[in-house]
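Data first, discussion second: the structure below is written as structure tokens.
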Amino acid sequence: MSAAELQRRTGYCGALRAGDVGRRVVLQGWVHRRRDLGALLFVDLRDREGVCQIVFNQERDAGLHARAAELRSEYVVAVGGEVVRRDAATVNPALATGEVEVVATALEVLNTARTPPFPLTEEAADTVSEEARLKYRYLDLRHPGMQANLRLRHKVVNAIRNAFDAQGFLEVETPFLTRSTPEGARDYLVPSRVYLGSFYALPQSPQLFKQLLMIGGADRYFQIVRCFRDEDLRADRQPEFTQIDVEMSFPDQDTLFGIIEGVLRDACAAAGREIALPFPRMSWDEAMAKYGSDKPDLRLPPMTEVGGLLPAAAREQLKLAEGMPLLLIRIPNVGELSRRERDELRPLAEGRPVRLFEDFARVARNFPGPAAAMRQASGAEEGDLLALVGAAAGIGAVAETGAGEAAASPAEARAAVRAVQTHAGALRLALGQRFAERHGRFGAGALRFLWVTEFPMFEWDETERRWAASHHPFTSPREEDVAGLERDPGAVKARAYDVVLNGIELGSGSVRIHRAEVQAKIFELLGMGPEEAKARFGFFLEALQYGTPPHGGIALGLDRLVMLLAGASSIREVIAFPKTARAVDLMVDAPTPVAAAQLKELGLRVPGM
RNA sequence: GGGGACGUAGUUCAGUUGGUUAGAACGCCGGCCUGUCACGUCGGAGGUCGCGGGUUCGAGCCCCGUCGUCCCCGCCA
């Protein structure tokens, strides 16, 4: 075989099958492993599609065999040879290419390689420190697991684009160098060289642009777009992340939900997962009451409100607050808890304003009648773990009020109830995680989608002493709540919704305000006077006055979606070049200081430089 | 900003009450080996115990500081 022929590969080595027997092939790839039996030498050659065994036989070609003996891990080689069927005894069923092997007749080393700092095997992702993996990300990406994640992400994105296209959505790009709108997360800023002292901001999301596209008549828009938020990170949060950004004019919530469900169905199908439509829906109030969370994980059963089943005397004896939720947590198939396991659960409630009765059997001994009613109300079955959570006495709607004093305000009462629900929900999840192997519901498999609707319009910001938009300030209140905006802002519900998957917030959206006067009113409620609103969002308020159609949309977290479909526990596993929890890129070493001249040109001075 | 876990060979880890020369497996290098596929086998090299300071006759181990990675709370409209 000539050197020229070795330059042109005939296909992927990972794609060879029994049907290729007899073909003369040229393969190019990495030396995955080498098994040197002396006069007989096997090389597993790897490329994107997999590995294939190459045989070098000293008897057939001593010179070739001698050169093959020089090969080392991760050398890049071109191999010419013939695909032959393996003897029945030497077939490797663990390998997709295991029925065949390539008898080499030509070999060229295209590149040598230093010994990798860690093994490039699937297990490396679980065993090697993430620090090493991130520093040598280009090597980490070579192993089959990461290759599969990259491919999965591509297929999902492709399916999403096709699904939106089929529904008449146009993908439109929006600016990265834009304007800081100091509401929400911290911005990443980009200094302007031309206008010293002025800055662009990288978008936290293309929110206003997509609304302006609706005003611009685009009608249906989507974009798979990078967003930037300078906030502290988590396993599911990166400083730059990718949103599936969507907006449509003349929206009807059911229509939008249907479109998004269809897109998600196609995205899951691209990952080989079938999901049932439509997704269940639940109001925010119901989610909080039954799951103690605005992102319920439906893989575990809801909690049951059992306060009405407990007589006042028992409530007092258990040191539980009056008029507050009493929630029964049920975790299926956990079985009997050992004394030690119960002891380990007790600290979970420490530091929370709630009382956790992790030993339901004891409650049942003291209050058999009510306990039986609770079991029944929760639908408990044999082997289910039951735990009771209530507000500790002194907490709640009428807490700490002396005789004759008025009860707490409706807002304070709501906040107290919510606090108990939230803590109970956190305990529910903690118990679920603690016994995950036993109930098995957190294992791979289930994809439980859910719409959560009717979010509160505002949240009280205690530090700023003002109302804050719980979604964003362009979200429309429900029509029937507009009248009550000023009287009790905390009771106003928004036309906002989240789509939740397995307890993770996958996306968030709303029907927007499309009338300037309503928008102005909301800004006012948020403590933003007309001048300030004009200074920050003047361009947008002006745009609203030029015939803005009703519009609404949603933004879905692509990284989180792919993470869940990949069965990964961090979005870093599905991002080619992610950053650490301290927002550092260990591979390129960013961020870095810059030269004084560069700073000067931008009119910046850094303390200590 | 707060809390927690971790940091020892290239990798993953062990390292006893503070005590002689810091170990193992894998990987790496060399020898042998014609059916291996996590090849086998024999031999070998490889260490700033994250970094700085302190206590001590003596520190991988104790104390203080610092850096880094991960997880959680706050934060993330």
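The basis for the numbers below is simple: all heavy atoms, side chains too, and nothing from hydrogens, waters or symmetry mates. Below, chain A is the first sequence line, B the second, and so on; all start at residue 1.
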Students often get this wrong, so: under 4.0 angstrom with heavy atoms, is A/Gln58 touching a base, only sugar-phosphate, or nothing? nothing
Rounded to whole angstroms, how far apart are CG on A/Leu429 and P on B/C73? 11 Å
Contacts of A/Ser569 and A/Ser470 projected onto RNA chain B by closest heavy atom; the upstream (5') one is A/Ser569
Any donor and acceptor pair, going by atom type alone, linking the side chain of A/Asp61 with main-chain N or O of A/Leu64 inside 3.5 Å? yes
Provide the distance between the two P atoms, one in B/G19 and one in B/G4, to the nearest whole Å. 28 Å
Separation of the C1' atoms in B/C49 and B/G68, to the nearest angstrom: 16 Å
Is there a donor-acceptor pair under 3.5 Å between the side chain of A/Glu240 and the backbone N or O of A/Phe228? no
Determine which nucleotide pairs with B/G74, using a 3.5 Å limit on both distances of a Watson-Crick or G-U wobble pair. none
Centres of the A/Phe474 and A/Phe540 rings: under 6.0 Å? yes
To the nearest Å, give me how far apart CG (A/Leu134) and P (B/C70) are. 7 Å
Going by salt bridge (charged side-chain N to carboxylate O under 4.0 Å, His left out), name the residues that satisfy it together with A/Arg137, two or more places apart in sequence or in a different chain. A/Asp140
Side chain of A/Arg237 - closest among B/C76, B/C28, B/C70: B/C76
As its Watson-Crick or G-U partner within any shown strand, both distances under 3.5 Å, B/G18 has none
Heavy atoms only, 4.0 Å cut-off, all strands: where does A/Asn57 land among base, sugar-phosphate and nothing? base
Looking at A/Arg46 and A/Gly29, would you say the former's side chain and the latter's main chain have a donor-acceptor pair under 3.5 Å? no
Determine the interatomic distance between P on B/G43 and the same-named atom on B/G60; round to the nearest Å. 31 Å
Between A/Asp187 (CG) and B/C76 (P), how many Å, whole number? 13 Å
A side-chain contact here means heavy atoms from C-beta on lying under 4.5 Å apart; do A/Gln53 and A/Thr97 qualify? no
Look at all strands and tell whether A/Glu59 reaches a base, only sugar-phosphate, or nothing, counting heavy atoms closer than 4.0 Å. base
Sorted by chain and number, sequence neighbours left out, salt bridge (charged side-chain N to carboxylate O under 4.0 Å, His left out) with A/Arg186 holds for A/Glu231
Quickly work out the A/Arg582 CZ to B/C70 P distance and round it to whole Å. 10 Å
Expressed as a whole number of angstroms, how long is the span from A/Lys579:NZ to B/G68:P? 17 Å
Residues that A/Gln223 engages under side-chain hydrogen bond (donor to acceptor under 3.5 Å, both in side chains), provided they are two or more places apart: A/Thr174, A/Tyr221
Paired to B/G35 by Watson-Crick or G-U wobble criteria (both distances under 3.5 Å) is none
Nearest-angstrom distance, C1' atom, B/U41 to B/U34: 16 Å
For the C1' atoms, the ones on B/G23 and on B/A9, what distance do you get once it is rounded to whole angstrom? 10 Å
Rounded to whole angstrom, note down the C1' distance from B/U20 over to B/G58. 11 Å
pair_partner(B/G65), Watson-Crick or wobble, both distances < 3.5 Å, evaluates to B/C51
Tell which nucleotide pairs with B/G58, taking only Watson-Crick or G-U wobble pairs whose two distances are both under 3.5 angstrom. none
With sequence neighbours left out, the residues meeting side-chain hydrogen bond (donor to acceptor under 3.5 Å, both in side chains) with A/Asp236 are none
Starting at atom CD of A/Glu70, determine the distance to atom P of B/C29, rounded to an integer number of angstrom. 11 Å
On RNA chain B, more 5' by nearest nucleotide between A/Val55 and A/Phe474 is A/Val55
Would the distance check show the side chain of A/Asp481 and the main-chain N or O of A/Lys493 forming a donor-acceptor pair, the cut-off being under 3.5 Å? yes
Say we look at B/C62 and B/U56: how far apart would their C1' atoms be, to the nearest angstrom? 10 Å
Kindly point out which of B/C71, B/C28, B/U69 is positioned nearest to the side chain of A/Ser73? B/C28
Mark yes or no for whether A/Arg72, through its side chain, and A/Ala69, through its backbone, hold a donor-acceptor pair below 3.5 Å. yes
Scan A/Arg133 against the nucleic acid and name what it touches under 4.0 Å (heavy atoms): base, sugar-phosphate only, or nothing. nothing
Give the nucleotide from the list B/G30, B/C71, B/C76 with an atom nearest to the side chain of A/Arg229. B/C76
Measure the shortest side-chain to side-chain distance between A/Val100 and A/Asp20 over non-hydrogen atoms and say whether it is less than 4.5 angstrom. no
Can you check the A/His65 NE2 to B/C33 P distance for me, whole Å? 10 Å
Spacing between A/Glu231 atom CD and B/C72 atom P, to the nearest angstrom: 16 Å
Whether each nucleotide of nucleotides 1-13 of chain B has a protein heavy atom under 4.0 Å at its base (B), only at its sugar-phosphate (S) or at neither (-) is summarised, 5' to 3', as B--------SSS-
Assigned partner base of B/C13, Watson-Crick or wobble definition, under 3.5 Å: B/G23
For the backbone of A/Pro239 and the side chain of A/Lys579, can you confirm whether one donor and one acceptor N or O come within less than 3.5 Å of each other? no
Taking a pair to mean Watson-Crick or G-U wobble geometry with both distances below 3.5 Å, B/G43 pairs with B/C29
Select base, sugar-phosphate, or nothing to describe what A/Thr475 touches, counting heavy atoms under 4.0 Å on all strands. nothing
For nucleotides 36-42 of chain B, give me one character per nucleotide, 5' to 3': B if any protein heavy atom sits under 4.0 Å from the base, S if the only such contacts are to the sugar-phosphate, - if neither. BBSB---
With respect to the side chain of A/Leu40, which nucleotide from B/C75, B/C71, B/U34 is positioned closest? B/U34
Rounded distance in Å between the P positions of B/A59 and B/A22: 14 Å
Using a heavy-atom cut-off of 4.0 Å across all strands, would you classify A/Ala581 as base, sugar-phosphate, or nothing? sugar-phosphate
